[in-house]
Number of protein chains: 2
Amino acid sequence: MDLRSTILGLLSWQPFSGYDLKRIISQSDIFYWSGNNNQIYKSLIELQKSGLVNYEVQVQEGLPAKKVYSITEKGRQELRRSLLSTPELPDLRKGFLIQLAWADPLTDAEVLELLEQYEADIANLLQMHQAQARKPEERPERSPRERYLWERIMANITSTYQSELEWVRQTKQEIAGGSYRQKE
Amino acid sequence: MDLRSTILGLLSWQPFSGYDLKRIISQSDIFYWSGNNNQIYKSLIELQKSGLVNYEVQVQEGLPAKKVYSITEKGRQELRRSLLSTPELPDLRKGFLIQLAWADPLTDAEVLELLEQYEADIANLLQMHQAQARKPEERPERSPRERYLWERIMANITSTYQSELEWVRQTKQEIAGGSYRQKE
DNA sequence: TTGGCCATGTAATATGTTACATGATTCC
DNA sequence: GGAATCATGTAACATATTACATGGCCAA
């Protein structure tokens, strides 16, 4: 998924300003782009030039004016096409595994400290994700199926973090216990 | 982890040519850069200029000459520093979840087909990974702990794919059975 | 004779990230 | 007075991906 299709998806739910989109994307685990992603503004201009979205300026008192973007019929067609295209494979970038891969020169204590930090970080991510999952107002629910799909999406992320946690805990124990030494 | 540290890691195992590194990285699940990643050559030149690696030209008969790179003492220090830096958080980019997120306009049959394709693709990835995991000659084993760590790295990826498979199978069943309709 | 493997590299393009600029308002 | 929020955008930089160029060897 590229940013443009993701924006189209969000706008297929409801109209948003660039600022809204930026906030939603930066707070989300699903939409994996970094925070302060100002490319959003560029993408919106491109989408608008291609006629996939249009916007309306809303003047507010006391606050800066904003451009509220909506998806067009053409945009919906384009989105549909990208939804039906072959499913994307997950792209798992676990930098920590690369760190471990070359950890041979480190002492057991150093490796354990890394694992402990990693465990704490993942536990934290999981907590934040679950707090997010408890706010149903931040996701679409236009049909029972959509509601179900979003539950499954949240469950997917939860289970990914949980299996990561189990993995790191087991690894920690086995290193702390030195049990790898007997393993042949 | 960036490409440069990953290359340093590989060279801390044994000397390789750029072509070797490219092949290893493209075939690996751990080192997540894309295939035909020719930036490797640029990175090697940078690393060499910084004195972290050096190379030796090996002339071969019938085959083009190659530059075999080795890590320097300075390179090992730099690698050690990056290994001890705070663990990187996983970066999970599951484009398929974004596809599902906006699948409301699709029919149940269309969603099911996507899920089936995804299941087949993940099953395939898992198989390829396990075939890879069965080749112990393609990973370092300089100490019992290193051997253990690489087993755990492989196990991490396996379990990630397996939990993804379980997830998609459950989702498929619940959609096929229409059970989401009763869920409140 | 076509395609794949070996081997290194350049160039172009696409994408992602960070920093900067502006300016009013509100909360501490 | 300083920081955070709202709001849009540009510029610079970093990284990633794809295509292209070269050229000999080997196997189907």
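Heavy atoms only: backbone and side chains are in, while hydrogens, waters and symmetry mates are out. Just so it is clear: chains get the letters A, B, ... in the order the sequence lines come, proteins before strands, and each one is counted from 1.
The side chain of B:Y19 lies closest to C:dC6 when the candidates are C:dT15, D:dC6, C:dC6. Of all nucleotides listed (D:dT8, C:dA19, D:dT15), D:dT15 comes nearest to the side chain of B:R4. Of the candidate nucleotides D:dT8, C:dT8, D:dT17, D:dT17 has the atom lying nearest to any side-chain atom of B:S34. Across C:dT8, C:dC20, C:dG23, the shortest atom-to-atom separation from the side chain of A:P64 is found for C:dG23. When distances run from any side-chain atom of B:N38 to the nucleotides C:dT17, D:dC6, C:dG9, the shortest one goes to C:dG9. Among the nucleotides D:dG9, D:dC20, D:dT17, the one closest to any side-chain atom of A:Y69 is D:dG9.
Looking only at atom types and distance, the side chain of B:K74 has no donor-acceptor partner in the side chain of B:S50 under 3.5 Å away. Side-chain contact annotation: A:K22 with A:N37, donor-acceptor N/O pair under 3.5 Å absent.
Along DNA chain C, the nucleotide nearest to B:S17 and the one nearest to A:N37 differ in position, and the one closer to the 5' end is contacted by B:S17.
One finds no side-chain N or O of B:W33 lying less than 4.0 angstrom from the OP1 or OP2 phosphate oxygen of D:dT17. A:Q60 has no side-chain polar atom (N or O) that falls below the 4.0 Å cut-off from OP1 or OP2 of D:dC6.
No contact: B:D2 has no heavy atom under 4.0 Å from any strand. A:K67 comes within 4.0 angstrom of sugar-phosphate atoms only, judged by non-hydrogen atoms across all strands, and of no base.
For B:Y161, there are no ring-ring contact (aromatic ring centres under 6.0 Å, His included) partners, not counting sequence neighbours.
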Pairing pattern in dot-bracket form [Watson-Crick, G-U; both distances under 3.5 Å; | = partner strand] for DNA chain D
||||||||||||||||||||||||||||
